[in-house]
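Below is a structure I'd like to ask you about.
Chain letters run A, B, ... following the sequence lines, proteins first and then strands; every chain starts at 1.
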There are 2 protein chains.
Amino acid sequence: MSVRDTQHPIACSACNLRQLCMPAELDNEQMALVDHLVQGKRRVARGQSLFHSGMPFEALFAIRTGAFKTCMRSAQGHEQVFGFQIAGDLLGLDGFVSGQYCSDAIALEDAQVCVMPVQQLQDLSEQIPALARHLQRIMSAEIVQERSLLLLLGGMRAEERLAAFLLHLTERMAVRGFSSQELVLCMSRQDIGSCLGLQLETVSRAFGKLVDQGLIAVDKRHVRICNAVALKAKAQLA
Amino acid sequence: MSVRDTQHPIACSACNLRQLCMPAELDNEQMALVDHLVQGKRRVARGQSLFHSGMPFEALFAIRTGAFKTCMRSAQGHEQVFGFQIAGDLLGLDGFVSGQYCSDAIALEDAQVCVMPVQQLQDLSEQIPALARHLQRIMSAEIVQERSLLLLLGGMRAEERLAAFLLHLTERMAVRGFSSQELVLCMSRQDIGSCLGLQLETVSRAFGKLVDQGLIAVDKRHVRICNAVALKAKAQLA
DNA sequence: CGAAGGCTTGAGGCTATTCAACCAGCGTGG
DNA sequence: CCACGCTGGTTGAATAGCCTCAAGCCTTCG
């Protein structure tokens with residue numbers, strides 16, 4: 001399963017991802033409090049789940065390294081992927097409703113996450129309004145993010161969906177300092193398909209089409225954006 | 001447009017919808033504070049918007065009467081409906097991210113909403129932790145709700161989508177004390193289609209199929225559930 | 001080396017879309 | 001009053017897009 005390790009207690013105050021999971025406007029005193037919020041780290045091996053639907057909601061997780069998919073499996077065995085999370089993203093926000101996680105979080109590559117127990121989070125939120133507001137913003141962002149997926153599933157064709165997907169991913173990588181031209185996908189065609197409401201074969205064909213049109217170059221899971229303008233036009237966002 | 005009216009200042013403490021938009025565990029003192037949170041009401045005529053994408057995020061709204069759809073219009077003119085809100089539901093949760101609403105809220109019938117200014121909401125949340133937690137739960141619920149829509153769009157056929165949609169709606173009406181057999185739709189076939197990722201013709205045909213199978217009876221916008229078990233089976237939730 | 005997983009490609013079928021005609025109800029104006 | 005247009009809904013026929021099934025390739029790993 002997974003192993004707790006506290007041997008590398010990198011404090012939030014010293015973390016380069018702080019700007020993503022923590023509010024910006026903290027003074028030193030508050031920062032010191034926040035440093036105690038993270039109760040250690042947890043490693044999750046590729047393919048393992050960080051949590052799954054129905055487990056008691058005990059903590060929120062911030063991704064330090066690696067990547068996850070959040071998904072649900074229906075009674076019929078159909079797996080629906082809701083999204084992909086990378087370093088700096090928060091996992092477990094769906095647990096507040098019922099006190100149980102409502103989805104599965106599965107590591108797409110070996111990962112390390114910061115564990116933030118809910119109780120501490122609640123207590124600290126009461127002391128630091130900025131933290132409470134930040135959580136609010138993050139959850140609101142999650143809502144907006146999922147709506148953009150709904151927009152995609154509701155009104156786009158396969159090629160357009162894939163184009164939008166790739167652009168969305170590069171945007172997020174760019175925020176984290178990566179190239180906005182190059183992209184290494186950490187998920188399978190099947191996962192992409194599930195997220196976009198397509199079969200893996202259709203995803204494969206859509207990749208082919210985009211390559212044929214000269215918009216991207218693909219080598220296995222390595223993707224290069226050749227014509228960002230045309231790609232955006234295709235994704236109907238340009 | 002819309003008219004503010006304060007002539008009927010029904011306090012939250014006296015409102016029969018309180019259990020839906022407010023936390024349960026409030027003492028009298030806290031209840032008195034909450035009563036001041038609602039800065040009057042606003043009427044919205046059928047077809048008019050309560051807010052639309054891009055407007056500054058100044059308040060959250062609780063629906064007292066009437067119904068809304070939340071939607072977005074893409075550059076290409078495609079309208080995507082994200083969901084339908086009825087009495088007791090909160091509107092505007094997507095505004096926390098950027099300080100602007102990210103969607104449109106359009107009244108499907110003449111409606112009345114309680115206006116809760118963000119600033120007061122934030123201040124009060126700091127004084128009443130239960131209120132902050134309640135907001136958290138509501139937002140978390142919104143995330144979960146949208147995921148169920150993603151599940152629907154990702155893996156169901158037209159008939160199944162409609163079945164799930166009808167069941168979801170009756171469930172929510174049942175919570176509010178209405179019959180779980182009878183349903184009056186406040187939205188058009190087009191709106192339903194947009195929400196379910198279908199064309200209005202397809203929705204119409206799906207209605208027809210469900211009627212043929214004896215699962216429901218339809219008279220215009222009046223729907224009666226004849227065979228709830230079979231309907232649930234079709235929606236893959238039973 | 002063989003087996004398995006991930007990906008691509010092809011052929012055929014099916015679902016939902018598109019385009020179109022048509023009907024019912026409703027409000028307007030002659 | 002009826003004719004009229006308009007909106008919302010139903011129905012039909014043809015088409016397009018995606019899914020399904022199937023085969024085959026490449027890489028990885030035991």
Query - Distance, rounded to the nearest Å, where A:Asp219 contributes CG and C:dG6 contributes P - result: 18 Å

Query raised in the report: With A:Ser194, which of A:Leu200, A:Val203, A:Val81 fulfils side chain to side chain contact (heavy atoms under 4.5 Å, CB included)?
Result: A:Val81

Query raised in the report: Which whole-number value in Å describes the distance from B:His222 NE2 to C:dG25 C1'?
Result: 18 Å

Query raised in the report: Any sub-3.5 Å donor-acceptor pair from A:Arg161's side-chain atoms to A:Met156's backbone N or O?
Result: yes

Report task. Starting from P on D:dG8, measure out to CG on B:Leu185 and report it in whole angstrom. Result -> 15 Å

Query raised in the report: Do you know which two heavy atoms are closest between B:Ala87 and B:Leu17, and how far apart they sit?
Result: CB-CD1, 4.0 Å

Query - Rounded distance (Å) that lies between atom P of D:dC25 and atom NZ of A:Lys220 - result: 15 Å

Query - Rounded distance in Å - CG (A:Leu162) to P (C:dT8) - result: 11 Å

Query - Euclidean distance, atom CD of residue B:Gln190 to atom C1' of D:dC6 [Å, nearest integer] - result: 15 Å

Query raised in the report: Tell me, do A:His78 and A:Arg73 make a side-chain contact under 4.5 Å, heavy atoms counted?
Result: no

Report task. Using atom CE of B:Met156 as one end and atom C1' of C:dT15 as the other, report the distance to the nearest whole Å. Result -> 17 Å

Report task. Check each of A:Lys69, A:Arg176, A:Arg64 against A:Asp89 using the salt bridge (charged side-chain N to carboxylate O under 4.0 Å, His left out) test, and report the only one that passes. Result -> A:Arg176

Report task. Measure from the side-chain N and O atoms of B:Ser188 to the backbone N and O of B:Asp191, and report whether any donor-acceptor pair falls under 3.5 Å. Result -> yes

Report task. Grab the CE-P distance between B:Met187 and D:dG9 for me, whole Å please. Result -> 11 Å

Query - Residue closer to the 5' end of DNA chain C, A:Arg157 versus A:Arg221 (nearest nucleotide) - result: A:Arg221

Requested in this report: Check DNA chain C against residues 196-214 of chain B and give the residues with a non-hydrogen atom under 4.0 Å, in numerical order.
Outcome: B:Gly197, B:Leu198, B:Gln199, B:Glu201, B:Thr202, B:Arg205

